[in-house]
Amino acid sequence: MSNPRSPSKDFIREIIDEDLATGKHDGTVTRFPPEPNGYLHIGHAKSICLNFGIAREYEGRCHLRFDDTNPAKEDTEYVDSIKEDIQWLGFDWGDHLYFASDYFEKLFEWAVHLIENGKAYVDDQSSEEMRAGRGDLQNPGTESPFRDRSLQENLDLFNRMKAGEFKDGEKVLRAKIDMAHPNLNMRDPVIYRIVHTEHHRTGDTWCIYPMYDFTHGQSDALEYVTHSLCTLEFENHRPLYEWFLDNLPVPSRPRQIEFSRLNLNYTVMSKRKLLQLVEEKHVSGWDDPRMPTISGIRRRGYPAESIRNFCKTIGITKFKSTNDISLLESSVREVLNADAPRFMAVLKPLKIVITNYPEDQVEEFDAVINPEKPELGTRKVPFSRELYIEQDDFMEDAPKKFFRLAPDKEVRFRCAYFIRCNEVIKDEAGNITELHCTYDPETRGGENPPDGRKVKATIHWVSAAHALKAEVRLYDRLFNTENPDSVEGSFLDHMNPDSLEILADARLEPNLAAVPVGETVQFERLGYFCVDTDSTQEAPVFNRTVGLRDSWAKTQQKG
RNA sequence: AACUCCAUGGUGUAACGGUAGCACAACAGAUUUUGGUUCUGUUUGUCAAGGUUCGAAUCCUUGUGGAGUUGCCA
């Protein structure tokens with residue numbers, strides 16, 4: 001019972017629906033075409049979710065094709081990381097792994113085809129001369145003095161280019177289109193250049209390499225891609241994409257459709273800037289948990305599902321928008337709230353002594369693993385005379401709205417007892433060193449006492465003797481300006497100096513020892529945290545994935 | 001003042017000539033053994049001006065604003 005026009009399909013899916021309805025295509029083939037010259041970031045995730053998502057929905061297929069036409073920049077290291085990232089996101093190209101370099105032979109033939117049809121020529125001009133001859137946005141270009149070489153001479157020269165007789169930059173092959181075309185891409189674009197550099201797959205077989213424009217559409221056609229989805233900046237290339245399909249004996253007719261790339265506030269997304277952050281050591285690497293790379297996001301503890309949901313939420317349009325990072329974080333919290341097991345952890349410990357609790361006694365309390373999933377049951381948490389609580393959960397001079405522990409005030413220790421603070425112990429300098437408290441045995445398990453007494457807060461705690469010591473890394477946005485891309489001066493001047501805070505003395509509930517690397521859990525009342533790759537059994541390291549929504553912090557800020 | 005594209009609350013995104021809806025954010029309240037979650041409510045919008053039409057966010061015209069493009073990068 002499918003609605004002929006189910007609500008809120010994006011414009012690309014509407015085009016596909018129509019192509020299927022009119023019989024233009026009887027199946028749908030998309031492709032994700034990264035250049036293996038860097039790590040994937042969340043912007044790529046949008047494209048991956050679109051292309052692989054469409055293939056899944058339409059029961060078609062999505063090819064993974066590496067656009068490896070520039071040997072100077074590319075490396076197999078990146079091929080591997082890109083594959084890993086796509087799989088982590090939950091997508092699969094099946095048998096359809098391709099490389100543009102697989103088509104070098106065919107593309108060469110097609111270049112010869114153009115020459116033979118008088119539609120391409122070898123140009124001896126330098127790149128400076130070519131630039132001068134191209135004209136500009138207001139003025140038409142001028143034709144190259146080599147534009148009207150004979151067919152034979154062009155063929156001969158092109159073959160000698162291939163044979164390695166010329167140095168880099170000495171000659172190029174150009175399509176012969178129109179030097180006065182209003183679209184600069186159509187002013188006799190270069191389609192082959194000489195590059196004497198080893199290619200990561202073809203080695204030194206070639207010393208001439210096709211340009212992106214001469215590769216992409218033809219590769220799509222060779223793979224019978226029906227819809228070639230790319231970002232807006234290729235809009236001006238579409239006429240050229242189509243010109244090659246029109247002028248070459250290609251086996252199919254793909255259609256290029258452009259959509260808007262993903263932008264997030266408070267972050268940079270360009271490969272160049274990301275690379276700079278890594279190379280100048282502003283971050284620890286491509287997988288630094290503050291990076292918008294897929295590997296960074298993964299290490300940070302964002303679930304793949306939340307990235308997929310986020311991409312669904314932001315939609316596909318041609319409007320150049322900037323999304324709120326809070327929307328991403330909300331997707332992350334939504335998934336984690338449902339899935340993450342709860343534990344207690346104290347980030348900044350303050351010692352508590354329960355003076356009326358027997359010295360050697362230890363009790364184990366049952367604590368719910370996840371209130372969203374009661375079927376998961378409970379875990380045991382040890383309680384004893386000496387405990388740690390969060391420094392932020394105690395105030396000596398508490399304002400009225402502060403519900404947590406304060407002198408002569410009572411709170412619930414989660415799943416344990418009502419605890420009253422009786423005495424604040426300080427050192428000579430006046431710093432609070434510990435709190436002396438008493439517990440109410442009638443509130444075992446955290447139950448309300450028979451006298452009907454209520455408390456306004458429940459706080460988390462960890463038994464001092466049983467606690468695991470750990471390092472916890474708190475992350476914040478890398479930039480403190482909304483749009484670090486369009487800022488006067490360098491984007492680096494707007495980095496957030498507090499984007500990483502390391503807490504070396506956190507104390508964890510002992511159950512946390514069993515959490516494997518990469519898994520994200522909730523530290524109750526604090527946020528979601530995952531075990532970092534740096535973590536060892538002896539020295540656990542947790543990353544804060546994202547904090548919980550904190551309405552107390554807001555109240556505090558308002559004063 | 002070239003060519004191409006874009007314009008809906010604070011941020012995104014729907015509405016395909018017929019009630020401007022949803023999410024995030026913000027604010028208020030209820031629930032709560034997480035100041036979490038959940039629930040309820042509130043605030044805020046069709047870039048402008050004309051035209052077509054019974055009726056326009058939607059179609060037409062003009063204007064305004066923004067983006068991309070002058071690589072032998074992709």
Side-chain angles (χ1 to χ4, degrees), chain A residues 5 7-10 14 33-35 37 67-70 72-74 100 123 125-127 130-132 134-141 168-174 181-187 189-195 208-209 211-213 215-216 230-239 258 260 265 271 313-331 333-334 337-338 342 344 367-368 371-372 401-404 412-416 443 445-448 455-460 522-527 547-556:
Chain A
R5 188 166 55 230
S8 75
K9 264 195 178 174
D10 59 67
E14 284 185 355
E35 183 186 14
N37 70 343
D67 225 329
D68 54 350
T69 58
N70 186 355
K73 290 184 167 184
E74 297 152 6
D123 197 337
Q125 292 184 106
S126 68
S127 57
M130 278 184 53
R131 186 176 337 127
R134 188 154 31 234
D136 60 30
L137 299 176
Q138 273 78 30
N139 303 295
D168 288 10
E170 269 186 12
K171 289 184 169 31
V172 292
L173 185 69
R174 290 229 257 174
H181 198 107
N183 182 336
L184 288 281
N185 292 127
M186 299 295 273
R187 320 245 260 227
V190 171
I191 60 179
Y192 263 92
R193 78 288 214 187
I194 299 169
V195 185
I208 56 170
Y209 291 90
M211 300 288 289
Y212 164 85
D213 286 308
T215 306
H216 207 91
C230 61
T231 48
L232 249 26
E233 63 271 26
F234 292 101
E235 223 158 18
N236 295 329
H237 292 246
R238 187 170 3 108
E258 310 86 13
S260 158
N265 55 12
K271 222 171 253 183
T313 309
I314 60 174
I316 299 291
T317 66
K318 302 189 74 155
F319 177 59
K320 194 182 153 78
S321 57
T322 301
N323 287 274
D324 260 349
I325 195 80
S326 66
L327 186 54
L328 208 211
E329 292 180 344
S330 154
S331 298
R333 288 194 189 100
E334 188 185 12
N337 177 54
R342 318 276 128 128
M344 290 196 283
V368 172
E372 307 295 318
K401 284 185 176 167
F402 185 82
F403 302 151
R404 284 110 99 143
R412 172 169 24 238
F413 275 29
R414 173 127 236 225
C415 305
T443 56
E447 301 284 345
N448 285 327
V455 289
K456 294 195 87 168
T458 298
I459 66 174
H460 61 276
Q522 185 187 106
F523 290 176
E524 285 199 85
R525 303 208 305 130
L526 297 174
L548 256 24
R549 283 185 59 219
D550 189 349
S551 50
W552 165 239
K554 279 181 199 164
T555 316
Q556 261 182 320

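Lettering of chains follows the sequences in order, A, B, ..., and the numbering in each one begins at 1.
Between the side chain of R187(A) and the main chain of H181(A), a donor-acceptor pair closer than 3.5 Å is present.
For the pair K271(A) NZ and C73(B) P, the interatomic distance rounds to 15 Å; values are reported in whole Å. Here the P atom of nucleotide G68(B) and the CD atom of E233(A) are 10 Å apart, to the nearest Å. Atom CE of M186(A) is separated from atom P of U69(B) by 18 Å (rounded to the nearest Å). Per the geometry, NZ belonging to K9(A) stands 16 Å off C1' belonging to A15(B), to the nearest Å. Across the protein-nucleic acid pair, H181(A) atom NE2 and U70(B) atom P stand 15 Å apart, rounded to whole Å. As a whole-Å value, the separation of R131(A) CZ from C73(B) P is 12 Å. Separating the CG atom of D213(A) from the P atom of C72(B) is a distance of 10 Å, rounded to the nearest angstrom.
A distance of about 35 Å separates the C1' atoms of U52(B) and G10(B), rounded to the whole Å. Here, G36(B) and A30(B) have their C1' atoms 16 Å apart, quoted to the whole Å. Taking atom C1' on both nucleotides, U44(B) is separated from U31(B) by 28 Å, rounded to a whole Å. Rounded to the nearest Å, the gap between the C1' atom of U58(B) and that of U42(B) is 29 Å. Annotation: C59(B) and U70(B) have their P atoms spaced 31 Å apart (nearest Å). Rounded to a whole angstrom, the distance from the P atom of U61(B) to that of A7(B) is 16 Å. Nucleotides A56(B) and U40(B) have their C1' atoms positioned 35 Å apart, rounded to a whole Å. The same atom, C1', is picked in U11(B) and in G50(B); the two are 32 Å apart, to the nearest Å.
Ionic pairing of K73(A) and E35(A) is not present here: no N-O contact between side-chain nitrogen and carboxylate oxygen is shorter than 4.0 angstrom.
An OP1 or OP2 oxygen of C73(B) is reached within less than 4.0 angstrom by a side-chain nitrogen or oxygen of R193(A). Within the 4.0 Å cut-off from OP1 or OP2 of C72(B), not a single side-chain nitrogen or oxygen of S126(A) is found.
Looking at the side chain of N70(A), the nearest of the listed nucleotides C24(B), G12(B), A74(B) is A74(B). Closest approach to the T317(A) side chain among U33(B), A14(B), C73(B) is made by A14(B) (side chain taken as heavy atoms from C-beta onward). Residue E35(A) has its side chain nearest to A74(B) when only C72(B), G12(B), A74(B) are considered. Listed candidates were U70(B), A74(B), A67(B). Nearest to the side chain of K320(A) is A67(B).
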What pairs of nitrogen or oxygen atoms, one from the protein and one from nucleotides 1-5 of chain B, lie under 3.5 Å apart?
residue	atom	partner	partner atom	Å
A2(B)	N9	L137(A)	O	3.3
A2(B)	N3	L137(A)	O	3.4
C5(B)	O2'	E235(A)	OE2	3.3

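Among the atoms of the strands shown, none is found under 4.0 Å from any heavy atom of S260(A). Residue-level contact check: E334(A) touches neither bases nor backbone, having no heavy atom under 4.0 Å from any strand. Using a 4.0 Å heavy-atom criterion, one finds that R412(A) contacts the bases of the nucleic acid, with or without backbone contacts as well. The residue M211(A) sits close only to the backbone: its heavy atoms come under 4.0 Å of sugar-phosphate atoms, none of a base. Using a 4.0 Å heavy-atom distance criterion, E447(A) is classed as a base contact. The residue S331(A) sits apart from the nucleic acid: no heavy atom pair falls under 4.0 Å. Within the 4.0 angstrom heavy-atom criterion, base atoms lie near F234(A). Within 4.0 Å of H460(A), counting heavy atoms only, lies no atom of the nucleic acid at all. Residue contacts for E524(A): at a heavy-atom cut-off of 4.0 Å it reaches a base atom on one of the strands shown.
In this structure, C27(B) forms a base pair with G41(B), meeting either the Watson-Crick or the G-U wobble geometry with both donor-acceptor distances under 3.5 Å. Pair assignment for C5(B) gives G66(B), based on Watson-Crick or G-U wobble hydrogen-bonding distances that are each under 3.5 Å. Of the nucleotides present, G51(B) is the one that pairs with C59(B) by Watson-Crick or G-U wobble criteria, both distances under 3.5 Å.
E74(A) and N37(A) make their closest contact through CG-CB, 4.3 Å (heavy atoms, listed as atom of the first residue, atom of the second, distance). Closest approach of V190(A) to M211(A), counting heavy atoms only: O-CG, 3.2 Å.
Between F413(A) and D136(A), it is F413(A) whose nearest contact on RNA chain B lies nearer the 5' terminus. When each of C415(A) and D10(A) is assigned the nucleotide of RNA chain B with its nearest heavy atom, D10(A) is the one assigned upstream, toward the 5' end.
Ring geometry, Y212(A) versus H216(A): the interplanar angle falls from 30° to 60°, so the pair is classed tilted.
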Spell out protein contact along nucleotides 35-43 of chain B as letters: B when the base is contacted, S when just the sugar-phosphate is, - when no protein heavy atom is under 4.0 Å; keep the 5' to 3' order. BBS------
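With its glycosidic angle within 90° of 0, G71(B) is assigned syn.
Annotation: the span from K401(A) atom NZ to K456(A) atom NZ amounts to 10.5 Å, rounded to 0.5 Å. Annotation: the span from C415(A) atom SG to E524(A) atom CD amounts to 6.5 Å, rounded to 0.5 Å. Distance CD/E258(A) to SG/C230(A): 5.0 Å, rounded to 0.5 Å.
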